[in-house]
Protein chains: 2
Amino acid sequence: MVAGPTSTGPGKERLRLWIRLLRASRTIEAELRERLKKEFDTTLPRFDVMAALYRSPEGMLMSDLSRFLLVSNGNVTGIVDRLVSEGLVTRSRRNGDRRTSMVRLTEEGTKSFATIAAVHEGWVGELLAGVSEEEARRLTGMLKSFRSNWEGRE
Amino acid sequence: MVAGPTSTGPGKERLRLWIRLLRASRTIEAELRERLKKEFDTTLPRFDVMAALYRSPEGMLMSDLSRFLLVSNGNVTGIVDRLVSEGLVTRSRRNGDRRTSMVRLTEEGTKSFATIAAVHEGWVGELLAGVSEEEARRLTGMLKSFRSNWEGRE
DNA sequence: TTATAAAACTTTAAGCTTGAAATAATTAGC
DNA sequence: GCTAATTATTTCAAGCTTAAAGTTTTATAA
């Protein structure tokens, strides 16, 4: 998926784009993952979950998290398990529907995330320094539009 | 990493771009992975390795593969092990340097990849149908340029 | 009611992934 | 030649990931 086109047909341009897109995100992702590990002894998936919860102080259901983060249910279970054991989030049964559990950042989790997020934003700025603000806006727009064309039709 | 910006500072635009980029590639990747599994009973990492080998009929070293695919050495070992056990690639010791081994597609592997790659290219075209050829070229160019600005400095 | 289906999660097995440690073979310095 | 450093690869432990199967709880509906 990271290799180049194997033909020169009509789909060539889009295939090239896809390969670029994937290489770019993999490269940045790898760099961020490494820094998160080195500087904060945490992982990208944990950071993702905490970022989602940080935006929802009222908490999120497991299924909300899995939908929002584009990963499977079972995956979220494991990551939240570990965050709970580290004291960064809590799972609390709800009165109404006892199948569901509300996941929330603990106070420690909130503080921890705020610290990491600030540094993380700096890293992203650094890694994307070659893109001007204006270019970033344009690229973002293009990515947004193409995405809505096919996603979510399943 | 898939959640939105948590602040509105100067790095905001680039953070937004990064989140878009990641969501886009994850969404497409998930769709391609699912189709590869359903249609060809294979995985994205195996497809990646075979794509790299397809471009190098003379073969590649394990370290070439890992560098090219942006993954760790140990990772490639496992994937190639499985491809070997499926009869799709071979590992052959070299005369000169006996630490290294040349990995090549078998005849079956070559045929198999050619079939899958053709379908795969169609899928990518379909998933990126919302991007015009011209837009695709522009996006590719932008991604290429930003990448060279910081990558590989380690 | 009372089965039956649906929904929210968890568990499981298999595979992917990394970083670090271990092996083996080559190269460099003396 | 001989030791030390380097290089190529594998092994390992821990964690991430999915799809599928299982559990518990809630909703549907005859």
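As the structure is a prediction and not an experimental result, all values here were calculated from the model. Note: hydrogens, waters and symmetry copies are ignored here, and every other heavy atom, side chains too, is used. In what follows, chains carry the letters A, B, and so on, assigned in the order in which the sequence lines appear, proteins first and then strands, with residues in each chain numbered from 1.
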Listed nucleotide nearest any side-chain atom of [X], set [options]:
X       : options                : result
B:Thr77 : C:dA8, D:dT7, D:dT10   : D:dT10
A:Glu34 : D:dT18, C:dC9, C:dG19  : C:dG19
B:Asn75 : D:dT25, C:dT10, C:dT18 : C:dT18
B:Ile79 : C:dT17, C:dA25, C:dC9  : C:dT17
A:Ser72 : D:dT26, D:dT18, D:dT9  : D:dT18

Could you tell me whether the phosphate oxygens of C:dT26, OP1 or OP2, come under 4.0 Å of any side-chain nitrogen or oxygen in B:Arg98?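 Result: yes.
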Return no unless some side-chain N or O of A:Arg91 is found under 4.0 Å from OP1 or OP2 of C:dT10. yes
Could you check whether any side-chain heavy atom of B:Asn73 comes within less than 4.5 Å of a side-chain heavy atom of B:Met62, counting everything from C-beta outward? no
5'-most by nearest nucleotide on DNA chain C - B:Asn73 or A:Asp81: A:Asp81
Taking for each residue the nucleotide of DNA chain C bearing the nearest heavy atom, is the 5' side occupied by A:Val76 or by A:Arg99?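 That would be A:Arg99.
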Rounded to whole Å, please give me the gap between [atom1] in [X] and [atom2] in [N].
X       : N      : atom1 : atom2 : answer
B:Leu65 : C:dT17 : CG    : P     : 13 Å
B:Arg94 : C:dA24 : CZ    : C1'   : 15 Å
B:Arg93 : D:dT10 : CZ    : P     : 7 Å
A:Asp64 : C:dA7  : CG    : P     : 15 Å
B:Leu44 : D:dT17 : CG    : C1'   : 12 Å
B:Met62 : C:dA24 : CE    : C1'   : 15 Å
B:Asp97 : C:dT23 : CG    : C1'   : 14 Å
B:Arg67 : D:dT7  : CZ    : C1'   : 11 Å

Need one value for A:Thr100: base, sugar-phosphate or nothing, where a base atom within 4.0 Å counts as base even if backbone is also close, heavy atoms only.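 The residue A:Thr100 makes sugar-phosphate contact but no base contact.
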Heavy atoms only, 4.0 Å cut-off, all strands: where does A:Ser63 land among base, sugar-phosphate and nothing?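 The answer is sugar-phosphate, as A:Ser63 gets under 4.0 Å only of primed atoms, P, OP1 or OP2.
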Under the criterion salt bridge (Lys or Arg N to Asp or Glu O under 4.0 Å), I'd like the reasoning laid out for B:Glu31 against B:Arg35: C-alpha separation, chi angles, the key distance, then a yes or no. CA-CA 6 Å; B:Glu31 183 70 24; B:Arg35 293 187 187 190; 3.0 Å; yes
Output all residues satisfying side chain to side chain donor-acceptor pair (under 3.5 Å) with B:Ser56, sequence neighbours left out; order by chain, then residue number.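 Scan of B:Ser56 (side chain to side chain donor-acceptor pair (under 3.5 Å), adjacent residues dropped) gives none.
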Does any N or O in the side chain of B:Thr106 come within less than 3.5 Å of the main-chain N or O of B:Gly87, such that one atom is a donor and the other an acceptor? yes
Can a donor-acceptor pair be found between the side chains of B:Thr140 and A:Arg20 at a distance below 3.5 Å? no
Go nucleotide by nucleotide along DNA chain D from the 5' end; which of A:Arg46 and B:Lys37 gets its closest nucleotide reached first?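 Its nearest nucleotide lies further toward 5', so the answer is A:Arg46.
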